[in-house]
Chemist: 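Structure incoming, see below.
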Amino acid sequence: MNDKETVRLLKNGNVKGLESLIDKYAAYAGTVIRRIVLPVLSESDVEELTADVFTALWRNPKMLTAENLRPYLAAAARNAALSRIRAVKEWQPLEDEFIAFGGDIENETDRRLLAEALSEAMDQLEDSDREILASTYYYCRTLKETAEELGITENAAKTRLFRARARLKKILTERGIVYED
């Protein structure tokens with residue numbers, strides 16, 4: 001069953017759409033989640049989060065289209081994983097947190113501040129720019145894989161990536177995060 005048919009069935013509340021979605025994308029969603037949570041959570045948590053993602057898509061398929069299904073699923077899986085990590089970290093004693101990164105508070109603080117600044121800068125980008133940057137750098141896809149996912153040529157992906165990086169650098173430079181030589 002193709003993605004268009006799967007989405008149509010999901011939107012009509014047909015369980016076959018959900019089954020098709022799970023068959024085709026469970027491993028993909030699990031991989032996205034696993035890359036984020038495994039150092040902190042267990043494999044059973046990965047399975048639970050993967051199920052949660054598909055349950056959420058089953059309950060609210062309105063935003064899905066055949067074109068955005070894979071990126072939407074990746075974002076949903078990533079968000080579920082990050083939410084769970086945040087919940088776990090909120091309960092982690094402070095001493096454990098120091099041990100987790102070797103007690104180097106200055107470097108860890110810098111890393112967190114940079115990550116926060118990058119996240120805020122990414123939020124200012126157009127959806128297409130965020131999508132290509134996330135696919136390439138966050139999900140570690142090759143340019144060819146990114147191009148295939150977005151349905152564009154590899155040269156077009158290369159051009160879009162170059163422009164998205166330039167826009168991101170401009171935002172970060174304006175905030176004083178990246179300095180021009």
Side-chain angles (χ1 to χ4, degrees), residues 1-102 108-109 111-123 125 127-142 145-146 148-151:
M1 180 179 312
N2 65 33
D3 286 350
K4 195 171 189 172
E5 180 66 16
T6 298
V7 169
R8 187 184 67 73
L9 290 172
L10 276 171
K11 287 184 175 184
N12 289 330
N14 188 324
V15 75
K16 290 202 182 292
L18 179 62
E19 291 169 355
S20 173
L21 186 67
I22 291 170
D23 288 345
K24 188 170 182 180
Y25 290 108
Y28 174 69
T31 299
V32 171
I33 292 167
R34 195 172 285 107
R35 285 184 175 175
I36 296 168
V37 305
L38 266 192
V40 178
L41 302 176
S42 68
E43 186 63 36
S44 63
D45 291 317
V46 171
E47 292 170 10
E48 180 184 338
L49 284 167
T50 303
D52 291 347
V53 166
F54 287 102
T55 301
L57 290 175
W58 170 251
R59 289 183 181 150
N60 191 11
K62 295 175 202 158
M63 300 295 289
L64 291 178
T65 65
E67 294 76 32
N68 79 359
L69 181 59
R70 188 176 168 102
Y72 190 91
L73 183 61
R78 178 181 169 275
N79 291 341
L82 291 175
S83 292
R84 181 68 63 89
I85 289 289
R86 279 188 214 105
V88 168
K89 291 233 181 214
E90 285 176 14
W91 294 102
Q92 187 177 27
L94 189 57
E95 299 82 28
D96 290 349
E97 193 168 311
F98 287 140
I99 293 167
F101 65 84
E108 180 65 13
T109 302
R111 188 189 65 75
R112 287 183 183 185
L113 290 172
L114 285 172
E116 188 176 303
L118 181 60
S119 178
E120 289 170 3
M122 290 284 288
D123 288 342
L125 293 172
D127 289 343
S128 61
D129 289 342
R130 270 195 311 273
E131 183 178 43
I132 197 155
L133 287 167
S135 180
T136 305
Y137 295 108
Y138 188 79
Y139 296 112
C140 303
R141 292 193 183 102
T142 64
E145 291 170 333
T146 297
E148 288 173 4
E149 178 182 314
L150 298 175

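All values below come from the heavy atoms of this structure, side chains included, with hydrogens, waters and symmetry mates left out.
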Chemist: Using a strict threshold of under 4.0 Å (side-chain N to carboxylate O), is an ion pair present between D3 and R70?
Modeler: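 No, no charged N to carboxylate O under 4.0 Å.
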
Chemist: Write down the atom of A74, the atom of Y28, and the distance for their closest heavy-atom approach.
Modeler: CB-OH, 3.3 Å

Chemist: What residues form a side chain to side chain contact (heavy atoms under 4.5 Å, CB included) with S135, not counting sequence neighbours?
Modeler: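 Here the qualifying residues are R141, T146, E149.
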
Chemist: Tell me every residue that passes side chain to side chain contact (heavy atoms under 4.5 Å, CB included) with R34, counting only those two or more places apart in sequence or in another chain.
Modeler: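 Checked R34 against side chain to side chain contact (heavy atoms under 4.5 Å, CB included); matches are T31, L38, E43, V46.
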
Chemist: Which residues pass the side chain to side chain contact (heavy atoms under 4.5 Å, CB included) test with D52, not counting sequence neighbours?
Modeler: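 If we apply the side chain to side chain contact (heavy atoms under 4.5 Å, CB included) test to D52, skipping adjacent residues, the hits are E48, L49, R84.
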
Chemist: Do the side chain of N60 and the main chain of A56 share a donor and acceptor less than 3.5 angstrom apart?
Modeler: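 Judged by distance alone, no pair lies under 3.5 Å.
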
Chemist: Ignoring hydrogens, what is the shortest heavy-atom contact between W58 and N14? Give both atom names and the distance.
Modeler: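 Reported closest heavy-atom pair: CZ3-O, 3.4 Å.
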
Chemist: Specify the closest pair of heavy atoms between F54 and L18, including all atoms of both residues, with the distance to one decimal.
Modeler: O-CD1, 3.8 Å

Chemist: Using a 3.5 Å distance criterion without hydrogens, assess whether the side chain of N68 forms a donor-acceptor pair with backbone atoms of M63.
Modeler: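 Pair found, side chain donor or acceptor close to backbone of M63.
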
Chemist: Determine whether more than 12 heavy atoms belonging to other residues, nucleotides or ligands lie under 6.0 Å from atom NZ of K11.
Modeler: yes

Chemist: Measure the shortest side-chain to side-chain distance between M122 and L133 over non-hydrogen atoms and say whether it is less than 4.5 angstrom.
Modeler: yes

Chemist: At their closest point, which heavy atom of A80 faces which heavy atom of V53, and how far apart are they?
Modeler: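 Smallest interatomic distance, heavy atoms only, reads CB-CG2, 3.9 Å.
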
Chemist: Can you confirm whether L21 sits close enough to L9 that some side-chain heavy atom of one is under 4.5 Å from a side-chain heavy atom of the other?
Modeler: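 They are not in contact (no side-chain heavy atoms under 4.5 Å apart), so the answer is no.
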
Chemist: Can you name the one residue among L69, N12, N2, L57 that meets side chain to side chain contact (heavy atoms under 4.5 Å, CB included) with V7?
Modeler: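 Testing V7 for a side chain to side chain contact (heavy atoms under 4.5 Å, CB included) against L69, N12, N2, L57 leaves exactly one candidate, L69.
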
Chemist: Can you see which heavy atom on A77 is nearest to which on A29, and at what distance?
Modeler: CB-O, 3.9 Å

Chemist: Does any N or O in the side chain of D45 come within less than 3.5 Å of the main-chain N or O of S42, such that one atom is a donor and the other an acceptor?
Modeler: yes

Chemist: What is the distance from atom CG of D23 to atom OG1 of T6, rounded to the nearest 0.5 Å?
Modeler: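 These two atoms lie 9.5 Å from each other.
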
